[in-house]
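Below is one structure, written out as structure tokens; comments come after it.
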There are 2 protein chains.
Amino acid sequence: MAKIDIKGLARELNISASTVSRALRDSHEISKATIDKVKALAEKLNYQPHPYAGSLRKNKTKTIGIVVPEVSNNFFAKVFSGIEVVAQENNYHALIYLTHDDYDKEKSILRHLESGRVDGVILSIASNTVDHQHIEALIEAGIQVVFFDRIGESFSSTKITTDDYNSAYKATVHLIEQGCKKPLHITRFLHQTNTKYRKKGFVQACKDYHLPIADNWVLELNDNVVVESTLADILKSKDKPDGIFSAVETLSLYPYKVCKDLGIKMPEQLKFVSFSNMDAASFLVPALTTVTQPAFEIGKAAAASLFQLLEKKKRGVPIIDNIFPSTLIVRESSLK
Amino acid sequence: MAKIDIKGLARELNISASTVSRALRDSHEISKATIDKVKALAEKLNYQPHPYAGSLRKNKTKTIGIVVPEVSNNFFAKVFSGIEVVAQENNYHALIYLTHDDYDKEKSILRHLESGRVDGVILSIASNTVDHQHIEALIEAGIQVVFFDRIGESFSSTKITTDDYNSAYKATVHLIEQGCKKPLHITRFLHQTNTKYRKKGFVQACKDYHLPIADNWVLELNDNVVVESTLADILKSKDKPDGIFSAVETLSLYPYKVCKDLGIKMPEQLKFVSFSNMDAASFLVPALTTVTQPAFEIGKAAAASLFQLLEKKKRGVPIIDNIFPSTLIVRESSLK
DNA sequence: CTTTTTTGCGGAAACGTTTTCGGCTTAAAA
DNA sequence: TTTTAAGCCGAAAACGTTTCCGCAAAAAAG
């Protein structure tokens, strides 16, 4: 089955390539008769336009780049699903890149994307990137960028987030109302925007409820290998916490493990709430109280915003800050 | 910052575009001096080649398509991670498409990929596709295809799977050895290759251990909304099973739910083993005994095979059937 | 000192589209 | 009858590369 191209169709029909091209796109300059002829033959020969030839000429790729830390993670996986659904609806293609939370990788990926491979990028910043020059360069090169979850605050681009501060505040208040006097906040990479605001919410709730918050009430646990021992040490200490609020899903299973090892009863002796999109949350024992982000919706919103920016036809200023509320799902792990 | 292209570099250096092109690729036809000059300027001006121009000319895209049912699923997410790692190592780009287990979507995606957007495709077939013409057409169009997990047996392409039959056999034997006399096999979409062989393994194990296997020992549960009630009915019946072996991760939480609702004690009254890549498996109560597939390795192998096919330089017949063993991880849910 | 080979480079075609420009008919308007 | 307009289409340029072909000068061989 020889590949058929526009010239082939033109030859077959004894008309010019330009006419074929126009006919396929329903140009008003072409007679109905010709359009029908062309389309019929294209259908018959299973003509598929070469995407890159068109991209090159039109300087439009109809593809976006998705740059995220990882995807074996319920949150990112669901965000991605949301993006993908909207992308398919709009006939866009999605290139996906994982930074593995590595700044250098993120830099090289974004640098590569400056060159016209994509029209826009949906980005969630790696946990250890601090400076943002590579992102600036990308935008400078004319690529639209939409942020989600881990955003670059200094940019004027669209940002999709959840109400990190409020969700964290509410989760903390919940712990306090269930009787916690010494909640511990465990988190990661506090220079990120999302975790930063979650911490603020935690701290503010403690203050508002007159808990004498100390420095060691907030624990930044970036290194996987020490999480368990660190947590164990704290839970064995004399002034141990009576509740834990985790800002990230990746820390949500450790307390179970440590409690089991140390014979600490949850929730009686230790109440626990975690940000999480884990499906199994309600099957843990005790079932995990979660702050869950509307990941799928966030993905859809990010994609929708990006396409709106790319297809400038729709007037109206694009929504810059799009905040989706997270919901606190109370289960057994936090109840008195 | 105006975009710089090869012609721009050429003009700047008073040499021809072809020389620049060759210099950038370290052609032996170009003097060391010129090469250095060109590269220095390219570096200075942050030259990035336009990917699609090159693809068009060379008829090589350096991008692959990944077509999978979904990605909010631990198995597929990890496979994808594996693919992505190898892709980045080889400087390939990955377009990802989700079929959402929909045959029509899969058909239209593959049809689109015939047109030269990718060099090859890594595919795991949607659960409800029965005929394979769209895949044949893709291969016919000159696109290399590598299958994993849900494969097309009739194709001579590379296939990456796990030892479905043996793993299922072993898991079933494990249940029997723990005392099960009436194991129930729950599964989905038995026309798929993977589930088909898992069922065979289950059946054979029952036979080998002289259990009088009946038709209702295998239950195909394709519709999410009836899973719970169906399972409940069975577990309430007089000749209820004393063990369950699930062939798919997506069914691995239902038994917990139903047991809780019906007051059935697991594992005392009902033992349970499931195929699963869930991180939380050991945190469920009782901790879930799993057959876990080396998802990340499968992804890496799929990508590696594909790239080997694409870069024909490496001689030697490519490995056609690549079978990765799964491991049975015994936890509490299946112990007597 | 001539002939051949090698080295280093430029011109132009090619990849498959889209789009600009222009031209030719025929019909409508003047 | 002449002018204008409308309708329909073709030739060629353009997008940014790579590569085929050819050619001059220098080096090697004779």
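Every chain is numbered from 1, with letters handed out A, B, ... down the list of sequences.
Between the side chain of Q293(A) and the backbone N or O of F75(A), no donor-acceptor pair lies under 3.5 Å. In this structure, H191(B) contributes its side chain and S127(B) its backbone to a donor-acceptor pair below 3.5 Å. Between the side chain of E43(A) and the backbone N or O of V38(A), no donor-acceptor pair lies under 3.5 Å.
In this structure, K37(A) atom NZ and dC8(D) atom P are separated by 13 Å, rounded to whole Å. Here the C1' atom of nucleotide dT19(D) and the CD1 atom of I30(B) are 12 Å apart, to the nearest Å. Spacing between atom NZ of K60(B) and atom C1' of dT17(D) amounts to 17 Å, rounded to whole angstrom units. The distance between atom CG of D36(B) and atom P of dG8(C), rounded to the nearest whole Å, is 13 Å.
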How does each nucleotide of nucleotides 13-23 of chain C score, in 5' to 3' order, for protein heavy atoms under 4.0 Å: base (B), sugar-phosphate only (S), or none (-)?
BBBBBBBBB--

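Judged as a salt bridge (charged side-chain N to carboxylate O under 4.0 Å, His left out), and not counting sequence neighbours, K7(A) has no contacts.
Exactly one of I83(A), V121(A), L95(A), I143(A) qualifies for a side-chain contact (heavy atoms from CB on, under 4.5 Å) with I64(A). That residue is I83(A).
Between dT7(C) and S31(B), no contact under 4.0 Å exists linking OP1 or OP2 to a side-chain N or O.
Using a 4.0 Å heavy-atom cutoff across all strands shown, S55(A) reaches no nucleic acid atom at all.
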Is there a salt bridge (Lys or Arg N to Asp or Glu O under 4.0 Å) between D101(A) and R150(A)? Walk through the geometry before answering.
CA-CA 11 Å; D101(A) 269 324; R150(A) 305 178 183 179; 2.8 Å; yes

